[in-house]
Amino acid sequence: SGDLPPARHASLRLLSDPRSGEPLDRALVLWFPGPKSFTGEDCVEFHVHGGPAVVSGVLQALGNVPGLRPAEAGEFTRRAFAHGKLNLTEVEGLADLIHAETEAQRRQALRQLDGELGHLCRGWAETLTKALAHVEAYIDFGEDDNLEEGVLEQADIEVRALEVALGAHLRDARRGQRLRSGAHVVVTGPPNAGKSSLVNLLSRKPVSIVSPEPGTTRDVLETPVDLAGFPVLLSDTAGLREGVGPVEQEGVRRARERLEQADLILAMLDASDLASPSSCNFLATVVASVGAQSPSSSSQRLLLVLNKSDLLSTEGPGPGPDMPPHLLLSCVTGEGLDGLLEALRKELAAVCGDPSTGPPLLTRARHQHHLQGCLDALGHYKQSKDLALVAEALRVARGHLTRLTGGGGTEEILDIIFRDFCVGK
Ligand SMILES: Nc1nc2c(ncn2[C@@H]2O[C@H](COP(=O)(O)OP(=O)(O)OP(=O)(O)O)[C@@H](O)[C@H]2O)c(=O)[nH]1
Ligand SMILES: [K+]
Ligand SMILES: [Mg+2]
């Protein structure tokens, strides 16, 4: 009728049930004719009042219209993908955006939704297409004088540059996955250093029991927290010491086990008790051994925190010149907490990758799988003497890149990716 709202303009309308004519709500109606819509198809949005009676009344009235049914979870996004509105990495970015819990996760998801990773992969795939064209031209016209000189060599230079770029991204792959699922930060130190006090302070809730009795914490207590915008799984552990009863000894064993899985270690000592055997032993073993690792991206990182700084002026002489780099903190007064959070932000940006500045991250095992597949195929490319095999290796390599952005994706993979969505997206 003449009363239909104009395309892409919000119009105020009285909605009524088409069967009974009963008014349901006064609502904004938006009409998006395809292909300029989210899914690429004709779409209508009803912006109704949020009360449950209004929503169920409108849904019921719509459900009675022949041919209409409720969308399945992720169905809108799936249709957008089917109509080429989003590629697969962008779909993943959208899913991550919906589930983002911290600022860094949101930034990363937005970058992926903007198509950065897809763009990179398409550039790489183009390089391979060109190289393949050169190799095929050589196979067909190799003897022909008209063929430009050095086509194979030129292709080879570009493919090898691509191999280096892929390798760099793969070395970074664990970072992106940590940003998606949380970095492992483990608090460790001798008994009574204040480990549980710090865990409670950072998570802003009483996760662990704090008491003056050494050996209070026995089990590993893990809690998810947002630390300086990064998602973290923070573990409190038993104080490290020997010669104790079997229960505490088991706690110490679990603490050491968890320590091996840490991306970042928060090593904690009582600043007023640095000369004690347990402090010296901890510095000589845990702190020294992590400090001695090569500073490659795969090794663990460590922050040394000297707690109970509030006791320093009155009791101990304070940290001497031999003390490795450290931060002073008081869990009781909160002094030094800002400095610790800033240090944590820097460490976590290194552990998770920094989505404000760094290169596009590989956030899923699927990304890593295809880039590794591409790299392996380039390995075959280098070893092949026969030009037909060279061309085949390039084709396999390119196939991995197109599958990463969703070209030729199988239904099962799509099902897995779209399963993460909620109804209405
Ligand atoms: N003065 C002072 N006392 C602190 C500080 N942090 C913690 N404490 C006290 O130190 C004692 C031990 O704290 P916890 O947090 O239980 O220490 P822990 O390292 O978890 O101890 P275990 O689990 O037994 O290994 C408690 O009495 C805390 O109140 C601090 O910054 N200053
Ligand atoms: K304690
Ligand atoms: Mg404790």
Side-chain angles (χ1 to χ4, degrees), residues 184-225 227 232-262 264-287 290 302-320 323-344:
H184 289 270
V185 176
V186 178
V187 184
T188 184
N192 264 3
K195 303 178 294 298
S196 301
S197 304
L198 178 61
V199 165
N200 292 348
L201 200 60
L202 291 177
S203 60
R204 292 175 223 95
K205 53 181 190 261
V207 176
S208 301
I209 299 173
V210 167
S211 96
E213 191 181 318
T216 305
T217 306
R218 304 285 173 91
D219 289 312
V220 174
L221 288 168
E222 185 183 84
T223 181
V225 292
L227 280 188
V232 161
L233 293 167
L234 184 64
S235 295
D236 188 12
T237 58
L240 301 178
R241 62 170 168 178
E242 311 297 329
V244 289
V247 178
E248 194 176 340
Q249 208 53 65
E250 173 62 14
V252 170
R253 193 193 65 74
R254 291 180 187 200
R256 292 192 195 282
E257 196 175 76
R258 182 56 59 104
L259 208 51
E260 281 170 20
Q261 299 158 9
L264 171 62
I265 296 171
L266 272 177
M268 197 171 212
L269 286 171
D270 179 340
S272 68
D273 184 42
L274 294 175
S276 72
S278 64
S279 292
C280 294
N281 187 37
F282 181 73
L283 280 169
T285 55
V286 178
V287 177
V290 174
L302 181 142
L303 274 179
L304 179 59
V305 179
L306 306 186
N307 187 34
K308 309 196 187 182
S309 64
D310 54 293
L311 299 180
L312 275 186
S313 46
T314 52
E315 288 179 30
M323 186 59 63
H326 58 268
L327 295 150
L328 280 175
L329 175 74
S330 168
C331 288
V332 168
T333 67
E335 205 176 328
L337 186 60
D338 286 347
L340 174 61
L341 283 174
E342 180 51 26
L344 277 168

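Indexing begins at 1, ligand by ligand and atom by atom, following the structure's order. All figures in this text were calculated on a predicted structure; none of them were measured in a lab.
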Side chain proximity check, Leu312 to Leu328, heavy atoms < 4.5 angstrom
yes
Just to confirm my output: which protein heavy-atom neighbour is closest to atom 18 (P) of ligand 1, and how far is it?
Lys195 N, 3.5 Å
Decide yes or no for Leu269 and His326: does some side-chain heavy atom of the first lie under 4.5 Å from some side-chain heavy atom of the second?
no
For atom 28 (C) of ligand 1, the protein heavy atom that lies nearest, with its residue and separation:
Val210 CG1, 3.7 Å
Identify which one of Val199, Leu340, Val186, Thr188 satisfies the side chain to side chain contact (heavy atoms under 4.5 Å, CB included) criterion when paired with Leu266.
Leu340
Do you see a donor-acceptor pair shorter than 3.5 Å between the side chains of Arg258 and Ser235?
yes
If you measure only the distance, is there a donor-acceptor pair under 3.5 Å linking the side chains of Ser208 and Asp236?
yes
Output yes when the distance from some N or O of ligand 1 to some N or O of Thr217 is under 3.5 Å, and no in every other case.
yes
Backbone or side-chain N/O/S of Ser211 under 3.4 Å of the K ion (ligand 2):
yes
Where the K ion (ligand 2) is the centre, what is the OG1-to-O angle for Thr216 and Glu213, rounded to 10°?
50°
Apply the test salt bridge (Lys or Arg N to Asp or Glu O under 4.0 Å) to residues Arg254 and Glu257: give CA-CA distance (whole Å), side-chain angles for both, the deciding distance (0.1 Å), then the verdict.
CA-CA 5 Å; Arg254 291 180 187 200; Glu257 196 175 76; over 6 Å; no
Metal check, the Mg ion (ligand 3) vs Ser208 N/O/S, cut-off below 2.8 Å:
no
As a check for students: among Val199, Ile209, Val332, Leu240, identify the option with a heavy atom nearest to atom 5 (C) of ligand 1.
Val332
Atoms in ligand 1 flagged as close to Ser330, the criterion being non-hydrogen separation under 4.0 Å
31 (O)
Exceeds 12 heavy-atom contacts within 6.0 angstrom, atom CD1 of Ile209
no
Shortest protein contact, atom 10 (O) of ligand 1 (heavy atom only)
Lys308 NZ, 3.1 Å
Run the salt-bridge test on Arg256 and Glu242 with the 4.0 Å N-O cut-off and return the result as yes or no.
yes
Would you say that Leu283 contacts Met323 through its side chain, given a criterion of any heavy-atom pair below 4.5 Å between the two side chains?
yes
Yes or no: does Glu213 have any heavy atom under 4.0 Å from an atom of ligand 1?
yes
Close side-chain approach of Leu344 and Val232, heavy atoms under 4.5 Å:
no
Any heavy atom of Asp236 under 4.0 Å from ligand 1? The part involved is neither
Based purely on interatomic distance, does Leu329 place a nitrogen or oxygen under 3.5 Å from a nitrogen or oxygen of ligand 1?
no
Which ligand 1 atoms are under 4.0 Å away from a heavy-atom of Leu311?
1 (N)
Kindly confirm or rule out an N or O of Pro214 lying under 3.5 angstrom from an N or O of ligand 1.
no
Nearest non-hydrogen contact to atom 14 (P) of ligand 1 from the set Gly239, Ser208, Ser197 belongs to Ser197
Does an N or O from Gly215, backbone or side chain, lie closer than 3.5 Å to an N or O of ligand 1?
yes
Among all protein heavy atoms, pick the one closest to atom 1 (N) of ligand 1 and tell me residue, atom and distance.
Asp310 OD2, 2.9 Å
the protein heavy atom lying closest to atom 6 (N) of ligand 1 turns out to be Asn307 ND2, 3.1 Å
Would you mind checking which non-hydrogen protein atom is closest to atom 26 (C) of ligand 1, with the distance to 0.1 Å?
Ser211 O, 3.6 Å
N/O/S from Thr217 sitting under 3.4 Å away from the K ion (ligand 2):
no
Quick one, Thr223 and Val225 - any side-chain contact, counting heavy atoms below 4.5 Å?
yes
among protein heavy atoms, the one nearest atom 31 (O) of ligand 1 is Cys331 N, 2.8 Å
Are the side chains of Thr217 and Val210 in touch, meaning some heavy atoms are under 4.5 Å apart?
no
Should you measure from each heavy atom of Ala193, which atoms of ligand 1 turn up under 4.0 Å away?
19 (O)
Does only the side chain of Asn192 get under 4.0 Å from ligand 1, or the backbone, or both, or neither? Count heavy atoms.
both
Kindly indicate whether the side chain of Val247, heavy atoms from C-beta on, has any atom under 4.5 Å from the side chain of Arg218.
yes
Please tell me if the side chains of Leu234 and Leu202 come closer than 4.5 Å, counting only heavy atoms from C-beta onward.
yes
Would you say Ser197 has an N, O or S atom lying under 2.8 Å from the Mg ion (ligand 3)?
no
